[in-house]
Novice: 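One structure coming up, written as structure tokens, with questions to follow.
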Amino acid sequence: MTTVFFLIFALTAIGAAVAMIFQRNPVYSCLCLVLAFFALAGLYVLLGAPFIAAIQIIVYAGAIMVLFLFVIMLLNLSAEERERPKRPRFLPFAVAVGGLLLLELALVFRRAPLLGMPAGQSETSVEEIGLKLFTDYIYPFELSSVLILAAIIGAVMLAKRKI
Amino acid sequence: MIPLSWYLVVSAVLFTIGVVGIFFRRDLITLFMCIELQLNGVNLALIAFSRYLPDISGQIIVFFVITVAAAEAAVGLAIMIALFHHKEHLDSERVNLMQG
Amino acid sequence: MIELLIIAVKCLVVFTAALLGVPFMVWFERKVVAHMQMRLGPMYVGPHGVLQPFADAIKLMFKEDFLPPQANKVVYYLAPVLGMTTAVLAFSVIPFGPQTNLFGLLKEPIPLQVTDLNIGLLIIFSATAMGVYGIVLAGWSSNSKYPLLGALRSTAQMASYELSLGLSTVSILMLAGSLSLNEIVNAQAGLYWGFIPRWFVFQSPTGFAAFLLYFICGVAETNRAPFDLPEAETELVAGFHTEYSSMKFAMFFMAEYVNMIAVSAIATTLFLGGWHGWGAGGDTSYGWVIGLGWFVAKVISLLFVYVWLRATLPRLRYDQLMAFGWKFLFPASLVTILATALWISRQVS
Amino acid sequence: MEYFALIPLFPGASALLLALFGQRMSRSVVSAIACVSVFFSFLISVGYLALTLGIAIPGFGALPRDTGSLFTFIDAGGLHVDMAFRLDSLSLIMCLVVTGIGFLIHVYSTGYMHHEPDFARYFTYLNLFTFSMLMLVLGANLVVMFIGWEGVGLCSYLLIGFWYEKKSASDAGKKAFIVNRIGDAGFLVGLMLLYTNFGTLDIQSILSGVNEGYPVGSHLLNLIAVCLFIGATGKSAQIPLYIWLPDAMEGPTPVSALIHAATMVTSGVYMIARLGGLYSKATLVLVLIAWIGALTAFVAASIGLVQNDIKRVLAYSTVSQLGYMFLACGVAAYDAAVFHLYTHAFFKALLFLGAGSVIHAMSGEQDIRKMGHLSKKLGITTWTFVAATLAITGFPAITSGFWSKDLILERAFEANLWLWLVGIVTAGMTSFYMFRLVFMVFFGQSRVDPSVHPHESPSSMTVPLMLLAVGSIAAGWVATSLRRFLNLSILGAHEVGGGHAEDAHAGWTMEQLYLAAAAFVVMFVGLMLAYHLYVKETALPQRIGERWPRLYKLLFNKYFVDEIYGAAIVGPLVKGSDRVYKHFDLGVIDRTLDTIGAGALEGGRIVSRLQTGNIKAYATYILAGAAFLTALWVIG
């Protein structure tokens with residue numbers, strides 16, 4: 001049962017990702033990515049991380065990708081200009097390096113010890129994450145708030161033509 | 001039971017697709033999305049390790065990655081809007097203001 | 001196998017109920033608004049026009065299904081489906097009543113809830129967050145000026161109000177200590193001094209503030225008056241669904257009403273004690289009917305407020321809307337959280 | 001608590017204060033700060049003197065006294081240098097001279113420099129000089145001493161070029177500085193040799209090291225001694241590096257009095273006396289020092305015979321008197337050298353200040369041919385100047401110069417007859433040119449320009465003159481006890497009571513009487529000759545000059561030494577430098593650097609092509625790097 005779900009989610013994620021980079025229309029790319037994120041959220045659930053899965057959907061799919069879509073629409077970006085000759089300057093390189101990287105990663109994973117799922121491990125509760133976050137990771141947490149503040153100010157400064 | 005390496009393979013494939021996408025596509029928005037895809041590939045690996053080790057820290061790191069990604073998206077998209085107002089296009093191969 | 005069957009049945013029931021709520025809500029709204037405006041409202045189809053919504057539905061079904069020529073076909077079809085789906089999704093985690101074996105029909109008692117997840121509230125937020133896609137995509141795929149503007153407005157509006165919406169529920173999480181809606185409801189059982197229910201609205205001084213904030217944000221999230229900017233007739237024709245007609249329009253229409261019901265149901269669950277009320281049936285075999293009754297009564301009261309708002313308040317200007325969201329609701333919800341934290345820490349110590 | 005560490009501190013603090021805030025202070029405040037700071041130092045010195053004389057003052061202990069390390073100055077590798085001071089009889093006498101005479105000259109300066117616009121700068125330099133000189137004197141190790149040594153050189157340069165708008169003044173400053181650098185190079189080499197061989201630069205450790213480990217006449221000691229002596233010839237204006245001192249007269253006259261007569265130029269003598277234990281064993285160098293001293297004394301005196309500038313005459317007399325001191329050092333009579341240093345400080349300061357008073361009165365005129373019969377107008381100046389002249393010429397029995405110069409000649413006689421001969425002839429010449437000066441300036445007929453109206457100087461100038469006059473006469477009366485006191489430091493306590501220190505006590509031998517008489521005769525002859533030539537028959541000098549024109553020209557042009565140096569050293573150096581500049585600097589260094597710079601530029605241009613501004617190119621680099629690193633990890 002789990003294996004089936006895994007296969008469904010994994011293949012969806014990969015398929016959506018591939019579709020994303022092949023779609024000429026940015027809106028479609030965006031939607032494909034949202035789909036991939038959903039599939040990933042499914043994988044997270046399978047991995048016993050429902051909180052992260054929910055966050056993935058709320059933040060990634062529900063906020064970040066909406067932002068992307070918003071910008072695409074605001075700038076009214078259509079499909080890439082077709083009249084300009086497509087010069088795949090980096091395409092051969094992309095294929096070569098991508099293949100190389102994949103190969104390398106495969107090698108690395110083959111070497112990794114094949115861990116089985118630890119027995120009796122239930123899914124992580126929000127409480128555990130919260131405890132960890134506000135004890136061991138309190139400084140990164142506070143720092144991230146500063147980061148977000150900086151991002152807010154930066155975004156406003158950049159996007160507003162006149163403050 | 002699904003072995004860890006399956007998740008890692010999916011993670012690697014997603015990451016690689018992101019990498020390939022960066023070379024394959026031209027408009028900056030899509031490049032940005034490819035970067036998000038790469039981040040997610042890494043996130044998957046982190047969560048998988050967090051599950052199999054088991055160590056909850058992996059999930060915490062993913063939490064931070066998502067936070068940072070949100071901030072990054074806000075700033076990055078703001079830059080793109082500014083750039084579009086300036087150049088009327090977002091073609092990565094025609095944006096080379098930083099040329100040395 | 002029986003579990004799967006039960007879940008399937010539950011899904012079906014909830015889905016049908018949600019859909020059936022729509023015509024009722026349409027009729028309810030028209031009648032209430034009419035009476036508030038000293039009119040009668042629909043009177044001819046059925047007694048007091050109760051069948052009017054069904055007549056409307058039949059009319060919509062037979063209308064021409066128009067596809068704008070430059071429209072982006074796939075997305076154009078996808079958008080209303082997305083909107084409808086996300087609207088219904090929220091109901092999957094809401095508990096409607098206590099456990100029951102349906103007058104002995106089942107051996108084991110089942111909860112009146114499709115599924116009880118310990119991240120239930122997050123699921124609701126996920127659904128809300130995804131709701132925006134339907135509107136955005138509808139506006140964009142129509143390949144038309146007004147829908148696009150309506151969609152952009154609504155994106156900005158929903159993204160803005162979603163923050164305050166989420167924050168306003170944090171105080172409930174702090175009080176209940178759980179994300180599971182079932183546990184949240186159970187934390188509100190009982191009465192103070194025998195007559196004041198232990199709803200979260202009454203449990204802490206901040207509860208009511210949080211409830212108000214949540215409800216205001218909820219109204220904005222569902223694009224209802226006075227926050228119905230995305231479909232401002234006078235400015236944008238009909239907003240994001242200008243180009244939609246027939247059943248696809250009907251789906252947006254339904255999605256909006258389902259969303260209203262969902263927001264009310266969530267507000268009931270989080271703040272108004274869910275199915276708890278005075279004199280609930282307890283463990284008796286008919287207790288679940290009373291609980292369900294309480295739940296429906298509370299939801300309908302909130303829906304009444306929705307209609308009331310629509311009949312009373314004028315529409316906000318767009319900049320007012322944004323300023324209200326960011327400059328009032330957002331800080332207010334933060335203050336509420338802080339106050340709740342102080343309250344809880346005092347209670348604990 | 002070692003209070004004497006405060007001695008250099010007061011002028012130093014004052015210099016800092018004046019340097020920072022002097023421009024905003026009124027003249028009276030500036031002069032008060034400058035004078036009072038030096039006076040404080042003088043008081044402390046006097047306190048220690050009183051203590052030494054058996055008057056107990058609370059907080060002051062017996063000599064010698066070391067501060068120990070005040071703080072670590074240098075700690076690099078094996079080299080450890082502390083900031084440490086040592087006060088013994090030698091440095092105490094020097095302190096008294098520097099602060100006492102320094103104080104009087106400070107006071108004098110407030111009057112002399114009264115119309116100077118850059119008043120604060122002058123006193124900043126003067127205080128800084130006093131500070132440096134005291135560092136030099138008190139330094140317990142040669143590094144601290146060297147700091148003072150360089151500090152006084154710097155101040156000398158700054159003060160000679162005080163009127164830097166005048167080209168001759170700034171040139172003279174540069175000359176002094178450069179010539180001193182040559183000497184200092186030798187001094188530094190000496191320091192390095194000392195450090196490599198003794199492992200320390202602490203004076204007492206070095207002296208005890210020399211005392212224990214080295215035979216008399218050791219080559220190493222000779223080498224070190226000659227290096228340090230080169231430094232001394234520069235600082236103390238000896239052959240061959242004396243040429244800067246006459247030019248240094250471009251500075252304000254009180255500066256000439258303090259730096260270029262009384263204190264700084266004697267630091268070479270002080271240094272040799274301080275390292276007497278070392279020099280006594282460097283027998284070869286001692287002979288060299290003696291002859292250089294004698295020769296300098298003679299040469300300078302002979303030039304002084306014909307100079308017409310009042311300050312130049314005094315400058316050559318300074319060089320000449322310094323020659324005497326080195327002559328004394330050369331015959332290992334360090335006590336005599338320091339004793340002469342001490343008396344010379346009084347009368348030479350007095351001479352310069354008197355000359356300053358004259359110049360002040362003459363509104364800047366320095367040519368003695370345009371003076372004459374000034375005794376009428378400048379009573380105090382005249383009599384103090386005469387007192388100083390008697391002292392420098394060694395008028396018997398009552399003047400301080402008699403005691404010190406006589407002692408030197410006596411020691412020279414004991415060592416080498418020829419040295420004595422040169423010394424006695426020089427004494428005669430000294431007598432002649434000094435009285436020539438006196439007669440031409442103060443007596444005879446007035447040749448003063450009618451437009452100039454000489455007037456006596458203000459009391460701030462005359463009071464120091466009178467005090468110094470008293471000192472010039474009386475300073476020699478303590479000869480015996482002073483020498484004994486000095487020998488405490490120079491010879492070490494164990495040698496006091498034996499050797500030469502005893503003979504002064506034993507009364508006069510016949511030999512000493514003859515020597516003194518010879519000196520007196522020579523002095524008297526010089527006096528009479530001057531009187532005859534410049535009061536009686538004033539036309540005669542002219543005729544003598546015409547009779548031996550070559551000799552006159554040779555002397556008048558100072559043996560053409562500047563010209564010889566110019567032709568032999570400066571000219572070739574300039575030409576060589578020019579050639580080096582054109583061929584080596586431009587051709588090799590500049591071209592090398594230009595090539596490197598151009599290479600970097602070109603390299604940058606090539607590398608900057610990598611910076612296409614295209615995001616994908618950057619992504620390519622990153623990816624290639626990531627792939628490479630991962631590959632390394634996979635393979636490794």
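Chain letters run A, B, ... following the sequence lines, proteins first, then strands; residues in each count from 1. What you see is a predicted model, and the numbers here were worked out from it, not measured in a lab.
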Novice: Consider only side-chain N and O atoms of Asn40(B) and Gln56(A), and report whether a donor and an acceptor are under 3.5 Å apart.
Specialist: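 There is such a pair (donor and acceptor under 3.5 Å, judged by atom type) between the side chains of Asn40(B) and Gln56(A).
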
Novice: If I measure from the heavy atoms of chain A, does Glu36(B) come under 4.5 Å with its side chain, its backbone, both, or neither?
Specialist: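 For Glu36(B), heavy atoms of backbone and side chain both lie under 4.5 Å from chain A.
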
Novice: Is the closest side-chain heavy-atom distance between Thr30(B) and Ile21(A) below 4.5 Å?
Specialist: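 A side-chain contact is absent here, since even the closest heavy-atom pair is not under 4.5 Å.
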
Novice: Only heavy atoms, only distances under 4.5 angstrom. Which residues in residues 30-38 of chain A are near chain B?
Specialist: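 If one takes a 4.5 Å heavy-atom cut-off, the residues of residues 30-38 of chain A near chain B are Cys30(A), Leu33(A), Phe37(A).
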
Novice: So for Leu40(A), is it side chain, backbone, both, or neither that comes closer than 4.5 Å to the heavy atoms of chain B?
Specialist: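 For Leu40(A), the contact with chain B is made by the side chain alone.
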
Novice: Just wondering, do Met65(A) and Met33(B) contact through their side chains at under 4.5 Å, heavy atoms?
Specialist: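 Touching, per the 4.5 Å side-chain cut-off.
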
Novice: Quick check on Ala17(A) against chain B: is it the side chain, the backbone, both or neither that has a heavy atom closer than 4.5 Å?
Specialist: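 Both backbone and side chain.
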
Novice: Between Ser144(A) and Val68(B), is there a side-chain heavy-atom distance shorter than 4.5 Å?
Specialist: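 Side-chain contact under 4.5 Å: no.
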
Novice: Just checking Phe63(B) against Tyr137(A), ring centres under 6.0 Å apart?
Specialist: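 No, the ring centres sit 6.0 Å or more apart.
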
Novice: Would you check if Val10(B) and Phe9(A) make a side-chain contact, meaning some heavy-atom pair closer than 4.5 Å?
Specialist: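 The answer is no; the side chains never approach within 4.5 Å.
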
Novice: Would you mind checking which part of Val18(A) comes under 4.5 Å of any heavy atom in chain B, side chain (CB onward), backbone (N, CA, C, O), both or neither?
Specialist: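 Both backbone and side chain.
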
Novice: Examine whether an atom of Leu44(B) lies under 4.5 Å from a heavy atom of chain A, and if so say whether it belongs to the side chain, the backbone or both; otherwise answer neither.
Specialist: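 Answer is both: backbone and side chain atoms of Leu44(B) are under 4.5 Å from chain A.
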
Novice: Heavy-atom cut-off 4.5 Å, strictly under: side chain, backbone, both or neither for Ile60(B) against chain A?
Specialist: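 Side chain of Ile60(B) only, per the 4.5 Å heavy-atom cut-off to chain A.
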
Novice: In terms of heavy-atom proximity below 4.5 Å to chain A, should Ser57(B) be classed as side chain, backbone, both, or neither?
Specialist: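 Ser57(B) touches chain A through backbone and side-chain heavy atoms alike.
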
Novice: Checking heavy atoms, do the side chain of Leu14(B), its backbone, both or neither come under 4.5 Å from chain A?
Specialist: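 For Leu14(B), the side chain is the part near chain A, not the backbone.
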
Novice: Any side-chain heavy-atom pair from Val71(A) and Phe84(B) closer than 4.5 angstrom?
Specialist: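 Heavy-atom side-chain distance check fails, nothing below 4.5 Å.
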
